[in-house]
Engineer: 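Structure below; questions to follow.
So you know, we letter chains A, B, ... as the sequences are listed, proteins then strands, and number each from 1.
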Number of protein chains: 4
Amino acid sequence: MFELDVRSRKPIYEQLVDKLKELIITEILKTDEQLPSVRSLAQELTINPNTIQKAYRELENQGYIYSIKGKGSFVSPATHQPNTEKIVKVKKELTKYLSEALFLGVSTAELIDLIKEIEANVGGGMLNDEDESSEKML
Amino acid sequence: MFELDVRSRKPIYEQLVDKLKELIITEILKTDEQLPSVRSLAQELTINPNTIQKAYRELENQGYIYSIKGKGSFVSPATHQPNTEKIVKVKKELTKYLSEALFLGVSTAELIDLIKEIEANVGGGMLNDEDESSEKML
Amino acid sequence: MFELDVRSRKPIYEQLVDKLKELIITEILKTDEQLPSVRSLAQELTINPNTIQKAYRELENQGYIYSIKGKGSFVSPATHQPNTEKIVKVKKELTKYLSEALFLGVSTAELIDLIKEIEANVGGGMLNDEDESSEKML
Amino acid sequence: MFELDVRSRKPIYEQLVDKLKELIITEILKTDEQLPSVRSLAQELTINPNTIQKAYRELENQGYIYSIKGKGSFVSPATHQPNTEKIVKVKKELTKYLSEALFLGVSTAELIDLIKEIEANVGGGMLNDEDESSEKML
DNA sequence: GTGGTCTAGACCACT
DNA sequence: GTGGTCTAGACCACA
């Protein structure tokens with residue numbers, strides 16, 4: 001399920017954050033769906049529960065999930081009130097990596113293709129095709 | 001000139017690497033142009049020379065600059081022999097941030113515009129041997 | 001264990017890199033085995049931890065080890081996907097020293113013997129999953 | 001004639017030493033032949049005369065050339081009294097690089113070919129085709 | 001003058 | 001406890 005690379009320079013908790021974000025963005029994890037418990041996930045991945053905890057906390061800070069004491073962690077509904085601050089940050093990163101890609105010889109066409117390809121995978125975004133059923137929970 | 005954020009979670013030397021890479025990619029720093037000396041830059045930015053050194057070393061490892069002991073540090077010529085390994089890495093990062101941007105509500109059109117805008121700034125790419133305006137800077 | 005010559009013209013960290021490379025190549029240090037911690041090795045060798053760090057970092061760059069923040073440093077699995085660039089470099093050095101050896105009167109036979117001798121010590125190469133004697137060391 | 005790589009990590013004077021050694025070893029520069037003067041070589045290569053000077057001094061120390069004040073520098077006759085100390089050093093380097101080559105996947109056969117190829121280029125040396133004379137050595 | 005190495009000692013981030 | 005970053009200050013090697 002999760003393929004963590006312990007050899008990576010990137011901290012494990014960050015890898016976890018990225019993976020979970022991806023699952024949420026691609027709507028493999030749907031709004032209000034429950035995430036695996038800290039302990040079960042820790043056991044499954046054979047890593048320290050504190051590491052999972054840290055990843056969940058980070059996701060909560062970024063607004064991707066919410067936690068309820070005693071019950072668990074759940075996927076937040078997509079807010080769709082454009083979060084300017086975050087968008088600015090992401091665009092900054094994008095600019096950095098797009099420049100580097102172009103510098104390394106990747107063509108514009110290739111990059112546009114990449115965007116389109118990704119677009120197809122991202123949960124319809126704000127008009128997310130037919131999830132009408134995710135409105136309970138707190 | 002360089003705006004470093006000493007409080008950032010990103011190490012100073014990495015910030016420096018990114019800034020300098022940017023200057024090289026946009027050809028504000030031209031091939032074989034001399035970079036500011038370790039010590040002068042350290043003084044200008046009021047950070048430790050070792051930190052600058054670390055950044056320069058990293059840039060050297062990544063192939064962006066080369067250093068000569070008694071002489072200084074200089075911009076490497078762009079190789080333009082596509083470095084597959086690096087490209088794969090960059091594309092991975094791009095995928096991550098592009099997904100996130102789309103999820104945050106940035107439109108595809110906007111992203112394509114971003115690419116085109118960046119493309120205009122990145123060094124002419126392959127052929128710029130006869131650049132007429134290589135005045136020093138910094 | 002490690003014999004470092006602090007007076008040598010070769011930097012300490014490079015001596016360390018060479019020694020550790022040797023231990024890895026001869027498989028005295030096995031894949032995924034943990035290296036001594038930066039601090040413990042520094043204490044043992046009575047040199048500065050930063051120097052050890054630098055050596056470890058260099059080994060990481062060269063692909064011989066990998067480091068995980070809160071855990072330690074470990075031997076990378078041998079990739080065995082021939083790294084052309086590195087091979088070219090090594091062959092260049094070999095040519096230099098082989099010429100010199102021949103010039104100094106070492107016979108071809110002697111050199112071939114040297115190769116065979118070394119070959120016997122270098123980790124079996126491809127297939128050594130079922131090594132029976134992987135006791136720790138260091 | 002000399003192709004020096006100013007971008008190399010290796011100091012220029014060392015590159016010079018290596019090149020000149022090579023010319024002497026391959027007997028392109030014959031015994032007692034005069035080397036170019038420090039100043040003329042400096043001019044030709046457009047590098048600092050001090051750098052040439054340093055290279056020549058090093059070659060003199062290693063016994064490859066000799067200098068006569070007011071006259072110039074000349075190739076030393078090959079001594080042929082096996083220089084144990086040097087041979088030990090060279091063998092040490094060879095062991096290092098041979099190990100690495102084998103580790104990187106270069107075959108023994110390939111290495112032996114390399115030796116034979118080099119042997120053909122090295123100035124007959126001591127005539128050591130089947131040198132019967134190289135078996136003493138401390 | 002340049003880059004490069006090393007030390008001593010502090011503090012942070014991750015597990 | 002692990003690796004990683006940073007500083008202040010010293011000394012060396014190269015051109």
Engineer: Applying side chain to side chain contact (heavy atoms under 4.5 Å, CB included), name anything that partners C:T31, two or more places apart in sequence or on another chain.
Structural biologist: C:P77
Engineer: Measure the distance from CD1 on A:I52 to P on E:dC14 and round it to the nearest whole Å.
Structural biologist: 15 Å
Engineer: Under the rule for salt bridge (charged side-chain N to carboxylate O under 4.0 Å, His left out), what residues qualify as partners of D:R7, not counting sequence neighbours?
Structural biologist: B:D32
Engineer: Atom CG of C:L41 and atom C1' of F:dT2: how far apart are they, to the nearest Å?
Structural biologist: 14 Å
Engineer: Partners of B:Y13 by ring pair (Phe, Tyr, Trp, His ring centres under 6.0 Å), sequence neighbours excluded?
Structural biologist: none
Engineer: Nearest heavy atom decides the nucleotide; on that basis, is C:T46 or B:Y56 closer to the 5' end of DNA chain E?
Structural biologist: B:Y56
Engineer: Would you mind reading off the distance between C:N61 atom CG and F:dG4 atom P, rounded to a whole angstrom?
Structural biologist: 11 Å
Engineer: Identify, with sequence neighbours excluded, every residue that meets side chain to side chain contact (heavy atoms under 4.5 Å, CB included) alongside D:S40.
Structural biologist: D:P36, D:S37
Engineer: Could you name each residue pair satisfying salt bridge (charged side-chain N to carboxylate O under 4.0 Å, His left out) that touches residues 59-70 of chain C, not counting sequence neighbours?
Structural biologist: A:R9-C:E60
Engineer: Check the distance between F:dC6's P and B:R7's CZ and give it to me in whole angstrom.
Structural biologist: 16 Å
Engineer: Enumerate the salt bridge (charged side-chain N to carboxylate O under 4.0 Å, His left out) contacts for residues 11-24 of chain B, please, sequence neighbours excluded, ordered by first and then second residue.
Structural biologist: A:K96-B:D18, A:E100-B:K21, B:K10-B:D18
Engineer: Within the structure, does a side-chain N or O atom of B:Q53 lie under 4.0 Å from either OP1 or OP2 of E:dG4?
Structural biologist: yes
Engineer: For DNA chain F, report each stem as range with range, ordered by first number, or say none. Use Watson-Crick or G-U wobble pairs under 3.5 Å, at least 3 in a row.
Structural biologist: E:1-14 with F:1-14
Engineer: Reading nucleotides 8-15 of chain F 5' to 3', which nucleotides get B (base under 4.0 Å from a protein heavy atom), which S (sugar-phosphate only), which -?
Structural biologist: BB---SBS
Engineer: Are C:L45 and C:L16 close enough that some pair of their side-chain heavy atoms sits under 4.5 Å apart?
Structural biologist: yes
Engineer: What is the distance, rounded to the nearest whole Å, between atom OH of C:Y66 and atom P of F:dG4?
Structural biologist: 13 Å
Engineer: Centres of the C:F103 and C:Y97 rings: under 6.0 Å?
Structural biologist: no
Engineer: Specify the separation, in whole Å, of atom CZ of A:R57 and atom C1' of E:dA13.
Structural biologist: 13 Å
Engineer: Take the protein atom CG of A:D5 and the nucleotide atom P of E:dT15, then report the distance between them rounded to whole Å.
Structural biologist: 13 Å
Engineer: Quick one: B:L4 CG to F:dC6 P, roughly how many Å, whole number?
Structural biologist: 10 Å
Engineer: Any side-chain N or O of C:S67 under 4.0 Å from OP1/OP2 of F:dG3?
Structural biologist: no
Engineer: Is there any ring-ring contact (aromatic ring centres under 6.0 Å, His included) pair reaching into residues 37-61 of chain D, and which pairs are they, with sequence neighbours excluded?
Structural biologist: none
